[in-house]
Structures are given as structure tokens and as C-alpha cells.
Amino acid sequence: WRQGRGNVVPVCDDVKQMTSGGEAQPIEESREEVAFLHVTAPRAISVLHILAKLSDHHCALTTPAMRHIWPLLENVEWRQDVLELLMEWSQRSISAKAMVEFAGRYPDPHLHKLLEIVTTEIK
């Protein structure tokens, strides 16, 4: 029933809070958890990017992380790294197929957000 509604992989509340600059409703998280997220997300993105660059096999192994990485486009600080990782995945046939399936299955909000980011010029 979840897949039919198209809301299987929603944008996380913590990502929404960081992108809105505190305009969203505050989340009852400790400072340690927010600090942990700020440290681990960029590290995870960089590790996945390095693995995806190495070979088709490593790229195929990292592809399931796509559904967790795609919502991080909401954060401006991580946006460039996430776009680079998505580009690397799109260059390999195995992971490109998985990207198309994911984007086709859950176009809202993920595909629409990606198109909005790519087509909007920001200096």
C-alpha cells in the first residue's frame, strides 16, 4: 500500500529543518544527534562517491544507498557532493537502471526536486 501512494522514501524531517534555517517546527533532538548527522552525512557521501568511482562492481554495490542519499539534496551544504554522486551512478549501466527505476517509482518529491535544482541557476 505504501508504494501505491508514492510516499515510500519521504524527505527526512532533520533534512527539512536544516534547509529551512529553523523555519520548520523544531524537532526534539539533542545537539549530539544533530552534530552526528552533520559529521556523518558528508563522510558517507564521500565514501560512496569514492566506491562508485572505483569500478562497476563497487558502483553496483553502493546503488541501494541511493534512496537514502537522494533526500540529502535538500541540504545546500551537501547538494554538490550528492549531485556528483548521482552523476557517477548515472554513468554506469547497472546503477543508472536502478536510478531510473527509483526516480520513476517515486517522482514526488525526489525527481521533481532534482529537476528543480538542476534547472535553477543559483550563484
Side-chain angles (χ1 to χ4, degrees):
W1 64 274
R2 284 182 166 184
Q3 290 180 354
R5 291 188 354 214
N7 295 325
V8 175
V9 186
V11 176
C12 302
D13 289 336
D14 50 359
V15 174
K16 285 182 184 176
Q17 181 187 18
M18 289 187 298
T19 59
S20 64
E23 295 172 5
Q25 295 177 355
I27 299 173
E28 292 82 23
E29 292 181 294
S30 68
R31 291 182 183 180
E32 293 176 4
E33 292 171 340
V34 173
F36 179 77
L37 181 66
H38 278 288
V39 171
T40 56
R43 288 182 184 176
I45 293 168
S46 64
V47 167
L48 288 170
H49 192 228
I50 290 168
L51 288 172
K53 279 184 174 182
L54 291 178
S55 69
D56 287 338
H57 179 68
H58 287 112
C59 192
L61 291 175
T62 60
T63 302
M66 184 182 319
R67 63 181 174 181
H68 303 290
I69 296 298
W70 204 304
L72 296 178
L73 283 170
E74 293 285 334
N75 190 309
V76 178
E77 296 173 19
W78 306 330
R79 188 171 290 164
Q80 182 64 33
D81 296 330
V82 172
L83 286 173
E84 289 175 5
L85 179 57
L86 291 175
M87 185 188 75
E88 189 65 40
W89 277 330
S90 70
Q91 301 300 313
R92 313 275 181 154
S93 61
I94 297 170
S95 54
K97 181 181 175 186
M99 277 185 77
V100 169
E101 289 174 0
F102 178 78
R105 189 173 292 152
Y106 313 111
D108 191 31
H110 305 298
L111 181 61
H112 298 298
K113 185 64 177 177
L114 177 65
L115 292 174
E116 176 186 327
I117 290 169
V118 172
T119 58
T120 306
E121 291 186 34
I122 299 175
K123 293 184 179 183

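A pairwise comparison of heavy atoms in Leu85 and Ala52 identifies CD1-CB, 4.2 Å as the closest pair. Closest non-hydrogen pair, Pro42 versus Leu37, comes out as CD-O, 4.1 Å. Nearest approach of Trp89 to Ala65, heavy atoms of both residues: CH2-C, 4.1 Å. The minimum heavy-atom distance between Pro64 and Arg67, with the atom names listed, is O-CG, 3.7 Å.
Under the 4.5 Å side-chain heavy-atom criterion for ILVMFWY residues, a single connected hydrophobic cluster contains both Val47 and Leu54. Criterion: ILVMFWY side-chain heavy atoms under 4.5 Å apart, direct or through other members. Under it, Ile45 and Leu83 are part of a common hydrophobic cluster.
In this structure, Met99 CE and Met87 CE are separated by 10.5 Å, a value rounded to the nearest 0.5 Å. One finds the CG atom of Leu48 at 10.5 Å from the CE atom of Met66 (value rounded to the nearest 0.5 Å). Rounding to the nearest 0.5 Å places CD of Glu88 at 11.0 Å from CG of Leu51.
By the 4.5 Å heavy-atom criterion applied to side chains, Leu86 and Leu73 are counted as neighbours.
Without hydrogens or angle criteria, Thr63 side chain to Cys59 main chain gives a donor-acceptor distance under 3.5 Å.
Partners of Glu101 by salt bridge (Lys or Arg N to Asp or Glu O under 4.0 Å), not counting sequence neighbours: none found. For Glu77, the side-chain contact (heavy atoms from CB on, under 4.5 Å) criterion is met by His38, Asn75, not counting sequence neighbours.
Residue pairs meeting the side-chain hydrogen bond (donor to acceptor under 3.5 Å, both in side chains) criterion with at least one partner in residues 44-55, sequence neighbours excluded, are Ser55-His58.
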